[in-house]
Amino acid sequence: MPSAKMPLQFQTLTTVPLSDKERISQTITPENVAIALAALHRDGIVCLSNAVDVTHIETLNTILSNEAEIMAKLSTTHFNDNSTDGRPTGNMSQGPPLKPELMYRDIWANGPATKVISSILGPSPHVNYVNGNTALGGFNGARQNVHADLSFNHGLFPFAFVTNYYLVDTSPANGSTELWLGTHRDTSFADHKNCQTDEPITGEEAKFGIRNELLEARREYAPPIQASVPKGSVVIRDLRLWHAGLCNPSPDPRIMLAFVHTPWWYQCPAKVVLPEAAREVVE
């Protein structure tokens, strides 16, 4: 944390616009890799726009939006509420379809994103978590606690990145994620309210999220932002970055797919089970 709490200079999401040639060939120039790496190290997040065929995005959005209406009514659906006041946020887990014909290579194995991530994690990173979250439409006011997607004593270096694919143009108008840029650089599990100790924890300390005093101190010189992300983009985020899901006041669901990447040597117990017919896409 800076000793003199001056406002941070970089407080916008860096977007790297890829050319049509890069999107079609699923490659990325060295210059664009360098820009993306600089943003990831500094901010903990970067957006590669024009990285995915928009027709793939629109096909998945049509399918998953119809499924979302059904899932929202099921008692078995997992909601990621985690809200400050206990109100529902309308944020539910919803993964991508697993039919091989819908497992598009530029989403399941996006070339530009893989090149950027491999430049930090090393060759052949593994994907050991696939899911997504849907911000259902028509919710106002409620929000998640600020958190990092971690519930264990994690490394103090880049060890995991999540790639997010928004299936619609996303902005504050339909529930884009609140981002606390740069928080990945000096955070640890001790910053979490529910970090494990030898003593049982209850009340506020048992909640999932970043400690309130740390949020208020950070807010003084680096307040959070809400970014706008065009569909067809892939957003790469350091798993340690503080963020929060906000409600979606628009009438339509905002769906975001998520793939977590770790180094080949990282001993993560999670496994992704896929149809045998999908092997060629993901290997």
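The first residue of the sequence shown is numbered 1, and numbering continues consecutively from there. These numbers were taken from a predicted model, which means no experiment stands behind them.
Atom-to-atom distance recorded for Leu215:CG and Glu213:CD is 8.5 Å, nearest 0.5 angstrom. The distance from the OG atom of Ser176 to the CE atom of Met256 is 10.5 Å, given to the nearest 0.5 Å. Expressed to the nearest 0.5 Å, how far CG of Leu181 lies from OG1 of Thr12 amounts to 7.5 Å. Distance check, rounded to the nearest 0.5 Å: CD1 of Ile255 to CG of Leu64 gives 5.0 Å. Taken to the nearest 0.5 Å, the NE2 atom of His184 stands 14.0 Å off from the NE2 atom of His243. In this structure, OG on Ser65 lies 11.5 Å from CD1 on Ile70, to the nearest 0.5 angstrom.
With a 4.5 Å cut-off on side-chain heavy atoms, Gln226 and Thr177 do not count as touching. Considering only heavy atoms from C-beta on, Arg211 stays 4.5 Å or farther from His192 through its side chain. Looking only at side-chain heavy atoms (C-beta outward), Met92 and Leu136 come within less than 4.5 Å of each other. Using a 4.5 Å heavy-atom threshold, the side chains of Ile236 and Leu48 count as touching. Side-chain contact between Pro223 and Trp180 is absent, with no heavy atoms from C-beta onward closer than 4.5 Å.
Under the rule for a side chain to side chain contact (heavy atoms under 4.5 Å, CB included), the partners of Ile120 that lie at least two apart in sequence or sit in another chain are Leu37, Leu40, His41, Pro158, Phe161.
If you chain together hydrophobic residues whose side chains sit under 4.5 Å apart, Leu98 and Leu60 fall into the same group. Hydrophobic clustering (ILVMFWY, side-chain heavy atoms < 4.5 Å, transitive): Leu246 and Val235 are in distinct clusters. Tracing side-chain contacts under 4.5 Å through hydrophobic residues (I, L, V, M, F, W, Y), one reaches Val116 starting from Ile35; they form part of the same cluster.
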- Item | Full working for side chain to side chain contact (heavy atoms under 4.5 Å, CB included) between Met71 and Gln94 | CA-CA 8 Å; Met71 288 181 62; Gln94 184 181 15; 3.7 Å; yes

- Task: Evaluate side chain to side chain donor-acceptor pair (under 3.5 Å) for Arg42 paired with Thr14, printing each intermediate quantity in order.
- Result: CA-CA 10 Å; Arg42 183 190 64 220; Thr14 295; 3.3 Å; yes

- Chi angles and distances behind the side chain to side chain contact (heavy atoms under 4.5 Å, CB included) call for Glu58, Val54: CA-CA 6 Å; Glu58 291 174 344; Val54 171; 3.5 Å; yes

- May I have the step-by-step check of side chain to side chain contact (heavy atoms under 4.5 Å, CB included) for Asn91 and Thr134, ending in yes or no? CA-CA 6 Å; Asn91 189 306; Thr134 297; over 6 Å; no

- Candidate pair Ile210 and Lys193, rule side chain to side chain contact (heavy atoms under 4.5 Å, CB included), full reasoning: CA-CA 6 Å; Ile210 303 300; Lys193 294 176 181 177; over 6 Å; no

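Remark: the backbone N or O of Val168 is paired with a side-chain donor or acceptor of Thr170 at under 3.5 angstrom. Side chain of Thr163 to main chain of Phe259: a donor-acceptor pair is present (N/O by atom type, distance under 3.5 Å, no hydrogens or angles). Looking at His147, its side chain does come within 3.5 Å of a backbone N or O of Asn145 through a donor-acceptor pair. A donor-acceptor pair under 3.5 Å is absent between the side-chain atoms of Asp169 and the main chain of Pro230, judged by distance alone.
Classification of Asp106 and Arg23 as a salt-bridged pair fails, no side-chain N sitting under 4.0 Å from a carboxylate O.
In summary, the side chains of Glu22 and Asn32 do present a donor paired with an acceptor at a separation below 3.5 Å, with no hydrogens or angles considered. Under 3.5 Å, the side chains of Arg240 and Thr183 contain no donor-acceptor pair of N or O atoms. With no hydrogens or angles considered, a side-chain donor-acceptor pair links Asn128 and Thr262 at under 3.5 Å. For the residue pair Arg254 / Asn61, no side-chain donor-acceptor distance below 3.5 Å is found, with atom types taken as modelled. In the model, Asp252 has no side-chain atom that pairs as donor or acceptor with a side-chain atom of Asn174 under 3.5 Å. With 3.5 Å as the limit, one finds no donor-acceptor pair spanning the side chains of Tyr166 and Ser171.
In terms of heavy-atom proximity, Ser188 sits nearest to His154 at C-NE2, 3.7 Å. Closest heavy-atom contact between Ala227 and Leu13: CB-CD2, 3.6 Å. Nearest heavy-atom pair, Pro263 versus Leu121, reported as atom, atom and distance to 0.1 Å: CB-O, 3.8 Å. Of all heavy-atom pairs between Ser49 and Ser233, the closest is CA-OG, 3.4 Å. Taking every heavy atom of both residues into account, Ala72 and Phe79 meet most closely at O-CZ, 4.0 Å. Between Ala244 and Gln144 the shortest heavy-atom distance is CB-O, 3.7 Å.
In this structure, the ring of His261 has its center no less than 6.0 angstrom from the ring center of His126.
Looking at Asn164, Val234, Leu167 one by one, the single match for side-chain contact (heavy atoms from CB on, under 4.5 Å) with Leu257 turns out to be Leu167.
In this structure, Tyr129 shares a hydrophobic cluster with Leu150, Phe152, Phe157, Phe159, Val162, Leu239, Val260, Trp264, Trp265, Tyr266, the cluster being traced through Ile, Leu, Val, Met, Phe, Trp and Tyr side chains under 4.5 angstrom apart.
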